[in-house]
There are 2 protein chains.
Amino acid sequence: MSGETRSVPASKTSRRRRNRSDPLSSELIVERALDLTRREGAQALTMRRLGEELGVDPTAVYRHFRDKDELVLACMDRVVAMAYDALDPHLDVQDWRGVLRAVANQSWKACEAHPAIYSLAYHRTTGGPGERKMVELLLSTLARAGLSPRQAVLHYRTFADSMLAMCGMKAGAQSLETTLQEKDAGAWARIYAILPQEEYPAARAHAPHLAEVTERDIYLAVTDAVISLIDATLRG
Amino acid sequence: MSGETRSVPASKTSRRRRNRSDPLSSELIVERALDLTRREGAQALTMRRLGEELGVDPTAVYRHFRDKDELVLACMDRVVAMAYDALDPHLDVQDWRGVLRAVANQSWKACEAHPAIYSLAYHRTTGGPGERKMVELLLSTLARAGLSPRQAVLHYRTFADSMLAMCGMKAGAQSLETTLQEKDAGAWARIYAILPQEEYPAARAHAPHLAEVTERDIYLAVTDAVISLIDATLRG
DNA sequence: ACCTGAACACCGTTCAAGT
DNA sequence: ACCTGAACACCGTTCAAGT
């Protein structure tokens, strides 16, 4: 109970203790877990730290989630649901390109807002309401655009997987410890700018441009490429 | 020193002990780490377990790698180097589509062979020789195809990132514990096949097809989409 | 019914000590 | 020069016990 020298913010003893009249709930746990990871990154999401955040014994969370994996998936589904809810309600469902672009855009925002959760769960199936609504929207949009069920499924997955993969990769990079982040970020400059000219002429020549391309540029390029692919299928 | 009931293969006391005449080396450590993760997955890669594999005290590895991160990056670079070396030496460097497809294909094989390492490091910069040779090959290929330096860099990163992101996502899924893997794999069938018809008509209707699409189909679709994008840039 | 707290079997990493 | 082994500060999770 004596003050640990961990990088915990202000006070120590049950700073956020709930009063006994509002019992722990899955919703509250997810909310606090998202607060915590958003503020302090993926490595802050430990059961002990989360218990502290909730003013509760670390193991109390196990009354609401079987294990940490269930908790992470619940958080991910919440993030997906928030992205869904952030979609413009006046979206024209006939404009399939517009729907796909809007989904891609909100997913990007979601993974920027919650990189830690995204990096932990982007490749998982949550099975939750957020995911279900997103799947329904995309499949119905592609079916309405004129794709056969077989094609709609292939292109739904191509779109969703490429989007999730790109967001997940970015989120993974973003939720590294800051020391590792700097190490990776500086690599292009540190390494590629000083490669031997004879052995790596192209890398050397392009090094100054390598740092100019943004993650966002790349994301938009991939998204557009997949949209063009779907377009070609619809027309051919 | 007494036999632990961990899921360790055969014997216990220094099964693979090296004789003192071949000292530990970075190469040997990387090789054994790849063996280990390939056989037993990402969660087997602990310093203690690796020490056991090498017949050496766990902390001896710290003499060759500053920390576990350095070790993982070295392993990743070796995997990339092996993918590079597996490229057909008779590849026609004028045929940029052929080069890109070959690289995509070998990367896929590499991430299937070493999902654990891939999932740990696909979003990182290794700065090693494997990565450098791959970058050089792709940049020089795109430059020779006729892209300006600015365009070559954008399209190199679009291609490389989408490829790595897709491989990394697959690797992440593949290197989950088997119990979680089954949980996720069965989700489409368990969840989407029984969704309420009124609320999720499209998901329900497409559920039978969802399981038919393979990861490989999706990977090829994304790769082709990016190649088409580059093609359009070259012609437009 | 719900939460607590000790305990277990792990981690990565440091550092003084051994050879 | 290189490796060892104890130790430190963590993990997720279980389960008997408390209220």
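Chain letters run A, B, ... following the sequence lines, proteins first and then strands; every chain starts at 1.
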Practice item. Enter the distance from A:Ile218:CD1 to B:Phe159:CZ here, rounded to the nearest 0.5 Å. Key: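 Rounded to the nearest 0.5 Å, the CD1-CZ separation comes to 13.5 Å.
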Return the value, rounded to whole Å, for the distance between atom [atom1] of [X] and atom [atom2] of [N].
X       : N     : atom1 : atom2 : result
B:Glu52 : D:dG5 : CD    : P     : 14 Å
B:Gln43 : C:dA9 : CD    : P     : 19 Å
A:Ile29 : C:dC2 : CD1   : P     : 12 Å

[X] and [Y] ion-paired at < 4.0 Å:
X        : Y       : result
A:Arg124 : A:Asp69 : yes
B:Glu27  : B:Arg78 : no
B:Arg49  : B:Glu52 : yes

Review point. By side chain to side chain donor-acceptor pair (under 3.5 Å), which residues pair with B:Tyr219, not counting sequence neighbours?
Key: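 Scan of B:Tyr219 (side chain to side chain donor-acceptor pair (under 3.5 Å), adjacent residues dropped) gives none.
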Point to revise | Which nucleotides of DNA chain C pair, in dot-bracket form (Watson-Crick or G-U under 3.5 Å, | meaning another strand) | key: ||.|||||...|||||.||
Exercise for review: Look only at the side chain of B:Lys68 and the backbone of B:Leu45, and say whether a donor-acceptor pair between them is shorter than 3.5 Å.
Suggested key: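 Indeed, once roles are kept as given, a pair shorter than 3.5 Å links the two residues.
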Practice item. Verify, without hydrogens or angle tests, whether A:Arg204 (side chain) and A:Leu195 (backbone) share a donor-acceptor contact under 3.5 angstrom. Key: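 Yes: the side chain of A:Arg204 pairs with the backbone of A:Leu195.
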Practice item. Consider only side-chain N and O atoms of B:Tyr192 and A:Glu131, and report whether a donor and an acceptor are under 3.5 Å apart. Key: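 Note: B:Tyr192 and A:Glu131 side chains meet the donor-acceptor criterion.
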Please tabulate the protein-to-nucleotide N/O contacts below 3.5 Å involving nucleotides 12-19 of chain D, giving atom names and distances.
from	atom 1	to	atom 2	distance (Å)
D:dG12	OP1	A:Lys68	NZ	2.9
D:dG12	OP2	A:Met47	N	3.0
D:dG12	N7	A:Arg48	NH1	2.7
D:dG12	O6	A:Arg48	NH2	2.9
D:dT13	OP2	A:Tyr62	OH	2.8
D:dT13	OP2	A:Lys68	N	2.9
D:dT13	O5'	A:Tyr62	OH	3.3

